[in-house]
Amino acid sequence: RRAYPREHLCLYGGLVMTRPARPLYESQQDLLRERDVADQLSYRWNCEIYKMPVRYQIDWAMLRGGELKAFAELKIRNNEIGRYETFMISLGKWVYGNQLSVISGVPFLVVVRWSDGLFWHEAGTAPITISMGGRFDRNDSQDFEPMVHISTSAFKRILERSSDES
């Protein structure tokens with residue numbers, strides 16, 4: 001009998017079945033950019049930001065004085081906030097982040113660094129729409145999925161883009 005890591009198991013009709021591991025698309029440069037944003041946010045909001053293990057499906061836990069204050073997902077976009085009317089995030093991430101929020105009693109935030117600044121949105125504070133979408137540049141069929149659309153006007157600015165951001 002073969003043993004599988006817990007994150008590769010799922011229940012289907014009462015049977016435990018294996019799920020193939022998904023490729024990780026985070027590069028070292030992506031992680032450095034994420035850490036840079038976390039440092040800026042930590043300073044601005046006076047909180048500690050911890051990278052969540054992959055099995056949690058979202059990026060961060062945010063604490064102040066050792067107390068959990070929020071869970072957050074970070075996205076970095078290379079366009080200005082106004083280029084599109086909505087911001088898209090995977091419905092799976094949205095559902096998981098909201099479940100964590102309900103269970104823990106703290107907000108689920110979506111933090112986005114667009115080319116013109118750093119912005120945030122708290123889940124549940126604005127209407128959303130759901131449609132099929134995703135990306136097609138990685139030749140990965142799992143990248144086409146239900147997506148949540150949040151109006152970019154629902155995001156609040158944290159910081160203007162600084163001249164040293166890359």
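- Looking at heavy atoms from C-beta onward, Ile130 lies in side-chain contact with Pro146 at the 4.5 angstrom threshold.
- In this structure, the side chains of Lys75 and Arg113 stay at 4.5 Å or more apart for every pair of heavy atoms.
- In this structure, Asp36 does not pair ionically with Arg33, as no charged nitrogen and carboxylate oxygen lie closer than 4.0 Å.
- Considering only heavy atoms from C-beta on, Leu118 comes within 4.5 Å of Gln40 through its side chain.
- Under the 3.5 Å distance criterion, with hydrogens and angles disregarded, no donor-acceptor pair is assigned to the side chains of Glu48 and Ser42.
- Without hydrogens or angle criteria, Ser101 side chain to Gly97 main chain gives no donor-acceptor distance under 3.5 Å.
- Dense packing is recorded around CG of Asn79, with more than 12 heavy atoms of other residues, nucleotides or ligands lying under 6.0 Å away.
- The side-chain heavy atoms of Trp45 and Trp120, taken from C-beta on, include a pair separated by under 4.5 Å.
- In this structure, the side chain of Arg44 does not engage the main chain of Leu159 through any donor-acceptor pair within 3.5 Å.
- Val95 and Ile58 fall within a single hydrophobic cluster, where Ile, Leu, Val, Met, Phe, Trp and Tyr side chains are chained together by heavy-atom contacts under 4.5 Å.
- Applying the side chain to side chain donor-acceptor pair (under 3.5 Å) test to His121 and every residue at least two apart in sequence or in another chain returns nothing.
- Here the OG atom belonging to Ser115 is positioned 12.0 Å from the CD1 atom belonging to Ile76, to the nearest 0.5 angstrom.
- Between Glu122 and Lys156 no salt bridge is recorded (no basic side-chain N to carboxylate O distance below 4.0 Å).
- Transitive grouping of hydrophobic side chains (ILVMFWY, heavy atoms separated by less than 4.5 Å) keeps Tyr84 and Leu91 in distinct clusters.
- A salt bridge links Arg157 to Glu160: at least one charged side-chain nitrogen sits closer than 4.0 Å to a carboxylate oxygen.
- Residues Asp30 and Ser27 bring a donor and an acceptor atom of their side chains to less than 3.5 Å of each other.
- The minimum heavy-atom distance between Met62 and Cys47, with the atom names listed, is CE-SG, 3.9 Å.
- With rounding to the nearest 0.5 angstrom, the CG atom of Leu109 is 12.5 Å from the NZ atom of Lys69.
- Of all the heavy atoms in Arg77 and Met88, the pair that sits closest is NH2-O, 4.0 Å.
- Here the closest non-hydrogen pair linking Leu68 and Ser104 is CD2-CB, 4.1 Å.
- Of all heavy-atom pairs spanning Thr86 and Thr152, the tightest one is C-CG2, 3.8 Å.
- The salt bridge (charged side-chain N to carboxylate O under 4.0 Å, His left out) contacts involving residues 82-94 comprise Glu73-Lys93, where partners must be two or more places apart or lie in separate chains.
- Shortest non-hydrogen contact noted between Ala70 and Val106 is CA-CG2, 3.8 Å.
- Counting heavy atoms from C-beta on, the side chains of Phe119 and Val111 never come closer than 4.5 Å.
- Put simply, the side chain of Ser90 never gets that close to the backbone of Met147: no donor and acceptor are under 3.5 Å apart.
- Within the 4.5 Å cutoff, the side chain of Trp114 has heavy atoms near those of the Phe87 side chain.
- Side chains of Glu34 and Asp59 form a contact here, defined as non-hydrogen atoms less than 4.5 Å apart.
- Tyr50 and Leu63 get closest at one heavy-atom pair: CD1-CD1, 3.6 Å.
- Atom CD1 of Ile150 sits about 6.0 Å away from atom CD1 of Ile89, to the nearest 0.5 Å.
- Listed by chain and residue number, nothing satisfies the salt bridge (charged side-chain N to carboxylate O under 4.0 Å, His left out) test with Asp116 (two or more places apart in sequence, or in another chain).
- Two residues are said to be in side-chain contact when any heavy atoms from C-beta on lie closer than 4.5 Å; Tyr96 and Phe108 fail this criterion.
- Of the inter-residue distances, the one linking Trp60 atom CH2 with Met52 atom CE reads 12.5 Å to the nearest 0.5 angstrom.
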